[in-house]
Amino acid sequence: MRGTLAFPFPRVMHASFNLAAELDAALMAAASAAGLVDAAEFAPDVRPADARHGDYQANGVLGHAKARKLNPRATAEKLVAALPAGLHDACAIMIAGPGFVNFTLKPAALLAWLRAHDTEDHLRAGAASAKHNQTWIVDYSSPNTAKQMHVGHLRSAVIGEAIARLLAFSGARVVRDNHIGDWGTQFGKLIWAYKRHLDAGALAQDPLEEFERLYKAGHHAAEAGPAVMDEARAELVKLQGGDAENLAIWRKINDVSLAAFQQIYDRFGIRFDVALGESFYNDKVGQIYRELSGCGLAVESDGALVVFHPEHPRFKQQPLMIRKRDGAANYASTDLATILYRAEHFHATGALYVVDKRQSDHFEQLFLTAQKWFAQSGRPVPQLQHVDFGTILGEDNRPLKTRSGENIKLKDLLAEAEERAFALVSGRSLDFPEAERRAIAAIVGVGSVQYADLSQNRSSDYVFAWDKMISLEGNTAAYLLYAIARIHSIFRKLAARPNDLAIEGAASALETPAELALARKLVKFPNALDTAVGQLRPHFLCLYLYELAGEFSAFYNADKVGVDDAGIRGRRLLLCARTLLILETGLRLLGLRTLTRM
RNA sequence: GCACCUGUAGCUCAACUGGAUAGAGCGCCAGACUACGAAUCUGGAGGUUAGGGGUUCGACUCCCUUCAGGUGCGCCA
């Protein structure tokens, strides 16, 4: 699969991006060269190791040998002997325990990697092979129009954005699609109230507040009187029938809603490529009914059109309803139409649905249906994945709400985050002008909210705690941003710039324990990226960045950068520059903004 | 009722889908500023991975079972 081996030993200046992958390839080559039994099935399984065992470890030898009644240690020795000489020059190789192969990079190899990976473009070039020639739709955020975004919308937006950025960095063509809820029965009541109770001033001031007020007014009026209910229903029928006035109102509601959403997205750095909401698929569901009925997947049941899966323990009983008894479409029909559109129009390799885990049943059923349908109609079957996430809980371990039981609006949540960050920054950086403290607070506050969400496994619920989130201690955005600010400060203090060839060219060999520990952490960025992208779990990247910042702080405390010796100063500034590069690149991939002082 | 998810240090969470002695932060204890930002760093104590059984060279991870909590289940999305 890979070409020639180009490991960064001293004489070769080309250093491959992912060293674990290179070692993996080298072991595979060694296996066939050494005539290992079933060499074609051998999977070396090289991964980063605990530091006390080296930099990388190959776990695969043990299992391969055991399964074939070979002696694991003898097998390992045979493979190690067959590795190219260049590799033995670049790292110390040890066989340990029952049959692990451990690799410890030598200082020169570490330095060669650091020299080669000096810019974000070079990192991207290294990472871009992973998803080359793939097109992925990332379906995230997806709020309903005419309503404000609230905490329930936070995770999808934040996690979805990070995943989109990670995939793009890994070489994929990414289509960010905001699958807006812009079509549904709520528009009857809303239009009814809009025609009677609209407050134009309030609409100009804060349109979503006004739409919410109107919807509630319409809802209450309909509850109170059946006559209003009938009128509201009639408004809905007119809308769906293409009535010009109602359609204009509906369009205005959607336009204004999208503009309001964008104000929130701007604070998170989110920009969608398309926003194809449910209404976009209105005229595309007829084909779904025809095709699924035609191939026998969908059947009539009580007047509705449904899909059963006889082989499935649950879905043999519990159907996927694709057309309601009254003939209306629902989310299953539009979701199927969406899958078809994404496959045909975007030629998507697959689609990722960044949606609350409580909808997992729906997606399992939907994907099963789509895959059968595509297979039966001779279409290539797209890869569909529900990228699920847990609930944000309050301190009481119940879903997070305001004291009065309302959903917390995102704009209020972000305002509080910035306010708390401002207090924190003001308490520490008294000499900064207020405008700068405000700007810093915006980055720290919003970044803290994003990072708190991203830094833990998305599948589990988490407790929303301001004090932990905005804190400077532990695995938080502020800790990472502080490390970045401190590195910038070093360069300012020494009147130097990152990637200055005159400085870095003079760098002498890495030597102290802290220098080596930091360098060994830096070269493992590709593995963190790999894991995060492979599992679509950004928290692996967060954990790595946090550990990197920790190694940097330890290095910073142990070894002074601003020394007179040009060789020592050069190599330490090089370490600072690469740490800065990877911290900034990593945080940007997560969707955070960074700063130069705080 | 059926199905899925979760249970790891006092607290909040990791553990790269089966790898080596289960790791961090907070809190607690003891240390480090005449040094580039101490918003930091160094060290220590703290565990029968909810309980029990099984699979194998090896289990927090896979299988069975008990317990505790959560979520979903035909016309909302």
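Note that this is a predicted model, so its numbers are computed, not measured. Naming convention: chains lettered A, B, ... in sequence-line order (proteins, then strands); numbering from 1 in each chain.
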Check every strand shown and say whether [X] touches a base, only sugar-phosphate, or nothing at a heavy-atom separation below 4.0 Å.
| X | result |
| --- | --- |
| A:L543 | sugar-phosphate |
| A:R323 | nothing |
| A:H539 | sugar-phosphate |
| A:L62 | base |
| A:S459 | nothing |
| A:F100 | base |
| A:G562 | base |
| A:D356 | nothing |
| A:P313 | nothing |
| A:A96 | base |
| A:N475 | nothing |
| A:N457 | sugar-phosphate |
| A:V561 | base |
| A:Q359 | base |

When rounded to the nearest Å, what value does the distance between [atom1] atoms of [N] and [M] take?
| N | M | atom1 | value |
| --- | --- | --- | --- |
| B:C4 | B:U40 | P | 45 Å |
| B:U65 | B:G47 | C1' | 24 Å |
| B:G10 | B:U17 | P | 28 Å |
| B:G27 | B:C64 | C1' | 40 Å |
| B:C5 | B:A50 | C1' | 16 Å |
| B:A9 | B:U49 | P | 10 Å |
| B:A24 | B:A68 | C1' | 27 Å |

[N] phosphate, OP1 or OP2: any side-chain N/O from [X] under 4.0 angstrom?
| X | N | answer |
| --- | --- | --- |
| A:K324 | B:C76 | yes |
| A:Y556 | B:A38 | yes |
| A:R325 | B:G74 | no |
| A:R47 | B:A15 | no |
| A:T531 | B:C16 | no |
| A:H53 | B:G19 | no |
| A:R537 | B:U17 | no |
| A:S460 | B:A14 | yes |

Rounded to whole Å, how long is the line connecting atom [atom1] of [X] with atom [atom2] of [N]?
| X | N | atom1 | atom2 | value |
| --- | --- | --- | --- | --- |
| A:K357 | B:C5 | NZ | P | 10 Å |
| A:M94 | B:A20 | CE | P | 18 Å |
| A:N397 | B:G7 | CG | P | 14 Å |

* Asked: Is a donor-acceptor pair below 3.5 Å formed from side chain A:Q57 to base B:A20, judging by atom type as modelled?
  ->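 Side chain to base: pair found, below 3.5 Å.
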
Base-pairing assignment for [N] (Watson-Crick or G-U wobble, both under 3.5 Å):
| N | value |
| --- | --- |
| B:G7 | B:C67 |
| B:C36 | none |
| B:C2 | B:G72 |
| B:G23 | B:C13 |
| B:G31 | B:C41 |

* Shortest non-hydrogen separation from A:T75 to A:L70 and the atoms involved -> OG1-CB, 3.7 Å

* Minimum-distance pair of heavy atoms, taken over all atoms of A:T104 and A:G54 ->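 For A:T104 versus A:G54, the nearest heavy atoms are OG1-CA, 3.3 Å.
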
Is [Y] paired with [X] through a side-chain N to carboxylate O contact shorter than 4.0 Å?
| X | Y | answer |
| --- | --- | --- |
| A:R458 | A:D388 | yes |
| A:D461 | A:K357 | yes |
| A:R47 | A:D24 | no |
| A:E547 | A:K521 | yes |
| A:R52 | A:D50 | yes |
| A:E515 | A:R520 | no |

* Asked: If we require ring centres under 5.5 Å and near-parallel planes under 30°, does A:Y482 stack on B:U40?
  ->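 Here A:Y482 fails the 5.5 Å or the 30° condition.
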
* Ring-on-base stacking between A:Y546 and B:A24, under 5.5 Å between centres and under 30° between planes: is it there? ->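 One would not call A:Y546 stacked on the B:A24 base.
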
Among the candidates [options], find the nucleotide nearest to the side-chain atoms of [X].
| X | options | value |
| --- | --- | --- |
| A:Q535 | B:C16, B:A14, B:G37 | B:C16 |
| A:S553 | B:G74, B:U40, B:A77 | B:U40 |
| A:V463 | B:U12, B:U40, B:G19 | B:U12 |
| A:N102 | B:A20, B:U40, B:C13 | B:A20 |

* Asked: Taking for each residue the nucleotide of RNA chain B with the nearest heavy atom, is it A:K493 or A:P399 whose nucleotide lies nearer the 5' end?
  -> A:K493

* **Along RNA chain B (nearest heavy atom to each residue), the more 5'-positioned of A:I490 and A:Y479** =>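 Upstream on the strand: A:I490.
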
* Could you tell me whether the side chain of A:D182 reaches within less than 4.5 Å of the side chain of A:F280, counting heavy atoms only? => no

